[in-house]
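One is the number of the first residue; the rest follow in order along the sequence.
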Amino acid sequence: MAKRGDITMAKTKGFILYEGVSELDNAPIVVIATMSTNNRKTGKMIQVWILRSDIDPIEAFKTKADYSICGNCPQRWALGGACYVNIGQAPLAIYRAYKRGSYTPFDPALHGDLLANRKIRLGAYGDPAAVPFEVLRDFAALGKGHTGYTHQYNHKNFDRRYLDLCMVSADTLAVAQRVKRDNARSFQVLATDAPIPTDAIECLSDSKGISCLDCGLCNGKSEAPSIYIRVHGTRKANFLNNKRV
């Protein structure tokens, strides 16, 4: 016989964690956690999506309104960048489901037990730093581990507490070195011919075939070294290696 929690999990597609303004530009955003995924690289982690709440992701990137959720990231589609997320697939589907009322507002007292043995991916699409820090800090604390990345290290509104929760996405060695001097960790994306950094380890998904679920090193501040990965995805030719976060 299935347990009550199992039934709840089966019926739960996801939760609304936040509806409000972006920390980056005060435009309206929504933060949604989905409970299942087919992403082989991450494994079966809870996925957190950060979207404009007033327009769909396609319209957002076409009008550059995706700044509200992606901020200074040079890999935005709106800038011709190499973001590997196919905006017309999962982000669009989740936005449409949100507009249909498919997601329940998250209540830790009612739903927190669903996270107890789960790991969480902060920012399956969108930058965690667009969200008030306490929202994602408290949500991540309910799980048994998390991963997260931010491109907002140099954004004027960047909440530096995110250095404890997320890796700093670094598109150049210079950025990675600044992050290191700040006693924080970076996730470095390297061009195909870029030299391998001596103070970082290769993403274990690429080097060992280990999923993010089983690895968990990309969790912000820890004793682990920074991490690098070769640029990948269908848009890797657009990689802007001369851009800064």
Practice problem: Check the pair Val30 / Tyr18 against side chain to side chain contact (heavy atoms under 4.5 Å, CB included), numbers first and verdict last. | Solution: CA-CA 6 Å; Val30 62; Tyr18 174 75; over 6 Å; no
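- If you check the side chains of Asp182 and Tyr153, you find a donor sitting under 3.5 Å from an acceptor.
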Quiz prompt | Full working for side chain to side chain contact (heavy atoms under 4.5 Å, CB included) between Leu122 and Thr147 | solution = CA-CA 6 Å; Leu122 303 177; Thr147 62; over 6 Å; no
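- Between the side chains of Ser226 and Gln188, not a single donor N or O lies within less than 3.5 Å of an accepting N or O.
- Here CD of Glu223 is found 12.5 Å from CG of Leu217. Values are rounded to the nearest 0.5 Å.
- Leu173 and Met167 are members of different hydrophobic clusters when ILVMFWY side chains are connected at heavy-atom separations under 4.5 Å.
- When each of Arg181, Lys180, Arg185 is paired with Asp199, the salt bridge (charged side-chain N to carboxylate O under 4.0 Å, His left out) condition holds for Lys180 and for no other.
- Distance CG/Leu213 to OG/Ser205: 12.0 Å, rounded to 0.5 Å.
- Note: Thr42 OG1 to Arg121 CZ = 5.5 Å, rounded to the nearest 0.5 Å.
- Rounding to the nearest 0.5 angstrom, the gap separating the NZ atom in Lys44 from the CZ atom in Arg118 is 8.5 Å.
- Using a 4.0 Å cut-off between charged side-chain N and carboxylate O, Lys99 and Asp56 make no salt bridge.
- Note that CD1 of Ile29 is 10.5 Å distant from CG of Asp54, once rounded to the nearest 0.5 Å.
- Both Val85 and Ile32 sit in one connected hydrophobic cluster of ILVMFWY residues. Membership requires side-chain heavy atoms under 4.5 Å apart, directly or through other members.
- Under the 4.5 Å side-chain criterion, counting only non-hydrogen atoms from C-beta, Lys119 is in contact with Lys144.
- For the pair Glu202 and Ser207, the tightest heavy-atom approach, listed with the atom from each and the gap, is OE1-CB, 3.5 Å.
- Annotation: side chain of Trp49 is in contact with side chain of Thr34 (closest heavy-atom distance under 4.5 Å).
- Residues Ala78 and Phe61 come closest through the heavy atom pair CB-O, 3.3 Å.
- Using a 4.5 Å heavy-atom cutoff, the side chains of Ile229 and Leu190 are not in contact.
- Side chains of Tyr228 and Val189 form no contact here, defined as non-hydrogen atoms less than 4.5 Å apart.
- A continuous path of Ile, Leu, Val, Met, Phe, Trp and Tyr side chains, each step under 4.5 Å between heavy atoms, connects Ile16 with Ile46, placing both in one hydrophobic cluster.
- Considering CZ of Phe158 and CZ of Phe133, their distance stands at 9.5 Å, rounded to 0.5 Å.
- When the shell of 6.0 Å around CG of Asp107 is examined, it contains more than 12 heavy atoms from other residues, nucleotides or ligands.
- Under the 3.5 Å distance criterion, with hydrogens and angles disregarded, a donor-acceptor pair is assigned to the side chains of Tyr98 and Glu19.
- The closest side-chain heavy-atom distance from Cys166 to Tyr149 is not below 4.5 Å.
- Side chains of His151 and Cys70 form no contact here, defined as non-hydrogen atoms less than 4.5 Å apart.
- Using a 4.5 Å cut-off on side-chain heavy atoms (C-beta onward), Tyr162 and Leu136 make contact.
- Between Leu17 and Val135 the shortest heavy-atom distance is O-CG1, 3.9 Å.
- No continuous path of ILVMFWY side-chain contacts below 4.5 Å connects Ile55 to Val131, so the two sit in separate hydrophobic clusters.
- Tracing side-chain contacts under 4.5 Å through hydrophobic residues (I, L, V, M, F, W, Y), one reaches Val21 starting from Ile50; they form part of the same cluster.
- Take Tyr67 and apply the side chain to side chain donor-acceptor pair (under 3.5 Å) test, not counting sequence neighbours, and it matches His155.
- Defined by atom type and a distance below 3.5 Å, a donor-acceptor pair is present between the side-chain atoms of Arg52 and Ser68.
- When all heavy atoms are compared, the tightest approach of Ile120 to Met45 is O-CE, 3.4 Å.
- Across all non-hydrogen atoms, the minimal contact from Leu142 to Gly112 is CD1-CA, 4.4 Å.
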Self-check item: Derivation and outcome, salt bridge (Lys or Arg N to Asp or Glu O under 4.0 Å), residues Arg161 and Glu134
Solution: CA-CA 10 Å; Arg161 292 179 295 175; Glu134 292 80 5; 3.0 Å; yes
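- Proximity of Cys73 to Asp127: side-chain heavy atoms (C-beta onward) are nowhere separated by under 4.5 Å.
- Under the ring-ring contact (aromatic ring centres under 6.0 Å, His included) criterion, Phe106 pairs with Phe15, His111, Phe139, not counting sequence neighbours.
- Within a 6.0 Å sphere centred on NZ of Lys221, heavy atoms belonging to other residues, nucleotides or ligands number more than 12.
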Exercise. Give the intermediate values and the outcome of side chain to side chain contact (heavy atoms under 4.5 Å, CB included) for residues Met35 and Leu114.
Key: CA-CA 9 Å; Met35 306 303 288; Leu114 298 178; 4.2 Å; yes
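- Across all their heavy atoms, Cys203 and Lys41 have their closest contact at SG-NZ, 4.0 Å.
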